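Encoded as structure tokens, the structure appears first; notes follow it.
Every value quoted in this text rests on a predicted model; they were computed, and no experiment measured them.
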Amino acid sequence: MIPKPPPRDGALGFLYLPPLRVQGYSVAGEATTLYVPEMDVCFDMGFSPRSALAAKFCALSHGHMDHVGGLAYWCSQRNFQGMGPGTIVCDKRIEDDVRGMMAGFRNLERQVTPYELITLEHEQELQLKNNIMLRAFHTEHTCPSMGYVIVEKRTKLKEHLQGLPQEKLKEMKLRGEEIVNHLEVPLMAYTGDTLPGAHLLRDDVRKAQVIVTECTFFDPGHQERAKVGMHLHVDDLVEWLKVAECEHMVVVHISRRTHLGQARKQLNQLAGRELASKVHFLMDHRTNRARYDEQAEEARKLEEELANRD
Ligand SMILES: [Zn+2]
Ligand SMILES: [Zn+2]
């Protein structure tokens, strides 16, 4: 007998939740890197997969190694590939530590890796794209920690003005009258590592179309461990699910010990099938692959139908 080759690990999880993709890797304590291509942003950089290099921003939830281990490498590779400096977004409270880490690599390498760094405080926002903002909020973990909401800001013509000619509207606008209502649509929320609490019940988080959340512990006896590590347990997730208005909840940061089939069963039992059907496990490759194949098949049929119409 000769030794076996090593297991092929590190396959990236992938979910298409129109119009957004969530792709990356996340196992508790090992590494978490999530990339949302449509928003040009990564959340955390536990390690730096090649596909994450294209993101312009990397927003950090906190400084634990499984969330920042690949950060310097990500900046370095972006530079190496001629993609320009990456932009790190982080909590104001950890700015010096992140800069210190980057300086450590500069000393070790005897060369400078360029990067941009933008800090956010609780409730502060950063523009990702036209009309699209990244808003930070404090969470509760064993070190300074933040979650994020991606918010689309829309304007809508006031109801009583609808149907008026453009000229008239322009004139009112020039006079300085407010002719539109401002509304915001929370597209996606990301919790990072956190205890449950009021921060999960904020309107912009609770009503986000997609919630990407950690849930580290599923074992029925592990509520206490979750509390000590300041993480979510599946019991917390189920309570939250009852009041969240999201279309999709993507669960990440599950411990390696957790059997995903078992976790799915538990969730079905605790939350009921209907609520549980909103929940996706990012790293459940087989289920997500089957779901994607179905989406592709539906899209193909639709295209065929449209083509046959004319
Ligand atoms: Zn973690
Ligand atoms: Zn952590």
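Separation of the Tyr190 and Phe43 ring centroids falls under the 6.0 Å cut-off. For His199 and His138, the distance between ring centers is not under 6.0 angstrom.
Taking Ser277 as the reference, nothing meets the side-chain contact (heavy atoms from CB on, under 4.5 Å) condition, with sequence neighbours excluded. With sequence neighbours excluded, no residue forms a side-chain contact (heavy atoms from CB on, under 4.5 Å) with Glu274. In this structure Val27 satisfies the side-chain contact (heavy atoms from CB on, under 4.5 Å) test together with Tyr25, Glu30, Arg256, sequence neighbours excluded. Phe14 meets the ring-ring contact (aromatic ring centres under 6.0 Å, His included) test with Tyr292; sequence neighbours excluded.
Leu53 approaches Ser48 most closely through the heavy-atom pair CD2-OG, 3.9 Å.
Thr33 places a side-chain N or O within 3.5 Å of a backbone atom of Gly46 that can act as its donor or acceptor partner. Here the side chain of Asp236 pairs a donor or acceptor atom with the backbone of His233 at under 3.5 angstrom. No donor-acceptor pair closer than 3.5 Å links the side chain of Arg206 to the backbone N or O of Cys246. With Arg78 contributing its side chain and Ala55 its backbone, the two residues share a donor-acceptor pair below 3.5 Å. In this structure, the side chain of Thr191 engages the main chain of Glu214 through a donor-acceptor pair within 3.5 Å. Under the 3.5 Å distance criterion, the side-chain polar atoms of His259 are matched with a main-chain donor or acceptor of Gln262.
Taking a cutoff of 4.0 Å between a charged side-chain nitrogen and a carboxylate oxygen, Arg154 and Glu184 do not qualify as a salt bridge. Ion pairing between a basic and an acidic side chain is recognised when a charged N comes within 4.0 Å of a carboxylate O; Glu298 and Lys301 show no such pairing. Using a 4.0 Å cut-off between a side-chain N of Lys or Arg and a carboxylate O of Asp or Glu, Asp40 and Lys129 do not qualify as a salt bridge. Taking the charged nitrogens against the carboxylate oxygens, Lys153 and Glu125 do have a contact shorter than 4.0 Å, which makes a salt bridge.
At a cut-off of 3.5 Å, with distance as the only test, no side-chain donor of Thr216 or Ser255 sits close to an acceptor on the other residue. In this structure, a donor-acceptor pair under 3.5 Å is present between the side chains of His253 and Asp66.
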Show me the donor-acceptor pairs, under 3.5 Å and distance only, between side chains in residues 97-118 and residues at least two apart or in other chains.
residue	atom	partner	partner atom	Å
Arg99	NE	Glu95	OE2	3.1
Arg99	NH2	Glu95	OE2	3.2
Arg110	NH1	Asn107	O	2.6

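Ring geometry for His67 versus His62: interplanar angle of 30 to 60°, hence tilted.
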Checklist line | side-chain contact (heavy atoms from CB on, under 4.5 Å) assessment of Leu15 paired with Arg21 | finding: CA-CA 6 Å; Leu15 283 161; Arg21 284 171 285 173; over 6 Å; no

Notebook entry, point to check: For His231 and His141, what are the C-alpha separation, side-chain angles and deciding distance, and is it a side-chain contact (heavy atoms from CB on, under 4.5 Å)?
Noted result: CA-CA 7 Å; His231 285 293; His141 195 41; 3.4 Å; yes

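Leu174 belongs to no hydrophobic cluster with other residues, because no ILVMFWY side-chain heavy atom falls under 4.5 Å from its own, directly or through intermediates.
Under the 4.5 Å side-chain contact rule for hydrophobic residues, Ile88 and Met146 do not share a cluster.
Between the CG atom in Leu169 and the CG atom in Leu157 there is a gap of 5.5 Å [rounded to 0.5 Å].
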